Amino acid sequence: MTNKLPRTSGVYQIRCNPTGKIYVGSAVDLRARWDNHRGRLRRGAHHNSHLQKAWDEFGEQDFEFNVLELVDEDILLWAEQQWIDKTGCTDENIGFNIFDTAGSPGNAFAQTWEGFIDPEGNEVTITNLYEFCRENDLDWPSMHRLARGKSKLKSYKGWTHKNSIRQREYVKTYDGFIDPEGNRVGPITNLAAFCRECGLDNTHMVAVAHGRLYSHRGWTCDNGREYHGHRTYTGFINPEGEQVNITNLSEYCRENGLNVIHMRQLISGERKRHKGWTWRPRDE
């Protein structure tokens, strides 16, 4: 399918066949843009969380990429805007689009956002926040909420904004961490920042600190908490329809390219399917 797409500029839509919802966009190279979308969706790293959620639920086979109109590059944004308005794709009942204005580097609609502070503490002025997030693998709604002062959190992936409404009175300090070489490290204040600097997963390190995990990438914690071992899950059904017993779900997901949060949502019933996996608890 990809090889049949033209390498020309135009307006396109990504359609989820089971729901009929669409995502409308434009590109100077339609084939390259579809490859980019599909690659990010496969990795679970797409900038549009609504489209990503549908992709994870229904699977790649239920999505199709269609060219709506081939247009010259100099009127590309104008044409995209016409299709956004015509289809109503920003209505959550119709489409996945979050931003109701056509977005592309240097477009006339681009707004300048001031007050962002990057993970290194530098103040950054951003022109066209939507495109900036797409290029830097950031979630546009999360960054937008920070800028509008509507986020419940003070930061997103280390980014903050002067308008953030949540001001923490303190940052928790952790003691007792032991690195892979056996050296005691800490106390550690602001564990999230420490994990970013050391290439560690903050969620897993918190679990180690609280005894829910024994180790993460060789790191352990001597804090007097008793580790109760990994739970064994017996209700997972793999894409081939086979029931699979999984002990240490986090490690299994990392080794097999699965999202542990989505797999836990299968258990809770919040999600019906993840990359072909389902959940069916055994009869007691």
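What you are looking at is a predicted structure, and each value in this text was computed from that prediction instead of being measured.
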Interatomic spacing from [atom1] in [X] to [atom2] in [Y] - rounded to 0.5 Å:
X	Y	atom1	atom2	result
Lys21	Gln13	NZ	CD	14.5 Å
Ile246	Tyr233	CD1	OH	9.5 Å
Met143	His161	CE	NE2	8.5 Å
Leu41	Tyr23	CG	OH	9.5 Å

Polar side-chain atom of [X] near backbone of [Y] as donor-acceptor pair, under 3.5 Å:
X	Y	value
Asn48	His50	yes
Asn97	Val24	yes
Lys275	Asp56	no
His47	Leu138	no
Arg196	Asp201	no
Asp91	Asn93	yes
Arg15	Ile22	no
Arg33	Ser26	yes
His46	Lys53	no
Thr278	Arg273	no

Can you name the nearest heavy-atom pair linking [X] to [Y], along with the distance?
X	Y	answer
Cys221	Ala209	SG-CA, 4.1 Å
Met205	Leu200	CE-CD1, 3.7 Å
Asp72	Ser9	C-OG, 3.8 Å

Any side-chain heavy atom of [X] within less than 4.5 Å of one from [Y]?
X	Y	value
Arg7	Leu30	no
Arg38	Glu60	yes
Leu258	His262	no
Phe63	Ile14	yes
Gln81	Lys86	no
Val206	Leu191	yes
Val244	Tyr252	yes
Arg42	Trp55	yes

Spell out, yes or no, whether Leu266 and Leu249 are grouped together once hydrophobic residues are joined by side-chain heavy atoms under 4.5 Å, including indirect joins.
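Result: yes, single cluster for both.
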Would Ile237 and Phe58 show up in the same hydrophobic cluster when neighbours are defined by side-chain heavy atoms closer than 4.5 Å?
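Hydrophobic grouping puts Ile237 apart from Phe58.
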With sequence neighbours excluded, what pairs up with Arg40 under the salt bridge (charged side-chain N to carboxylate O under 4.0 Å, His left out) test?
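Arg40 satisfies salt bridge (charged side-chain N to carboxylate O under 4.0 Å, His left out) with Asp137 only.
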Identify whether the distance between the nearest side-chain nitrogen and carboxylate oxygen of Glu57 and Arg271 falls below 4.0 Å.
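Salt bridge absent between Glu57 and Arg271.
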Carboxylate-amine/guanidinium proximity below 4.0 Å for Lys162 and Glu123
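So Lys162 pairs with Glu123 through a salt bridge.
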Taking the six-membered ring for Trp and the full ring for Phe, Tyr or His, determine whether the centres of His37 and Tyr12 are under 6.0 Å apart.
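Yes.
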Can you check whether Phe194 and Trp219 have ring centres sitting under 6.0 Å from each other?
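Phe194 vs Trp219: aromatic centres under 6.0 Å.
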Glu92, CD atom: more than 12 neighbouring heavy atoms under 6.0 Å
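Incorrect, the count does not exceed 12.
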Considering residues, nucleotides and ligands other than Ile261, do more than 12 of their heavy atoms fall under 6.0 Å from its CD1?
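Counting neighbours around CD1 of Ile261, 12 or fewer heavy atoms of other residues, nucleotides or ligands fall under 6.0 Å, so no.
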Between Cys89 and Phe96, does a side chain to side chain contact (heavy atoms under 4.5 Å, CB included) hold up when you go through it step by step?
CA-CA 6 Å; Cys89 56; Phe96 300 108; over 6 Å; no
Worked check of side chain to side chain contact (heavy atoms under 4.5 Å, CB included) between Asn122 and Ile117
CA-CA 5 Å; Asn122 304 309; Ile117 301 172; 6.0 Å; no
Can you list the steps and then say if Phe236 with Gln243 is a side chain to side chain contact (heavy atoms under 4.5 Å, CB included)?
CA-CA 6 Å; Phe236 282 112; Gln243 193 148 11; over 6 Å; no
Sequence-distant partners of Pro239, side chain to side chain contact (heavy atoms under 4.5 Å, CB included), two or more places apart
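Only Trp277 meet the side chain to side chain contact (heavy atoms under 4.5 Å, CB included) criterion with Pro239.
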Is it the case that the side chains of Glu69 and Trp83 hold a donor-acceptor pair, with the cut-off being a distance below 3.5 Å and no angle test?
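The criterion, which ignores hydrogens and geometry beyond distance, is satisfied for Glu69 and Trp83.
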Distance-only donor-acceptor pairs under 3.5 Å for side chains of residues 178-187, two or more places apart:
from	atom 1	to	atom 2	distance (Å)
Asp179	OD1	Glu181	N	2.9
Asp179	OD1	Gly182	N	3.0
Asp179	OD1	Asn183	N	2.8
Asp179	OD2	Asn183	ND2	3.3
Arg184	NH2	Asp222	OD2	2.9

Stepwise side chain to side chain contact (heavy atoms under 4.5 Å, CB included) check, Asp29 with Thr8:
CA-CA 5 Å; Asp29 185 330; Thr8 54; over 6 Å; no
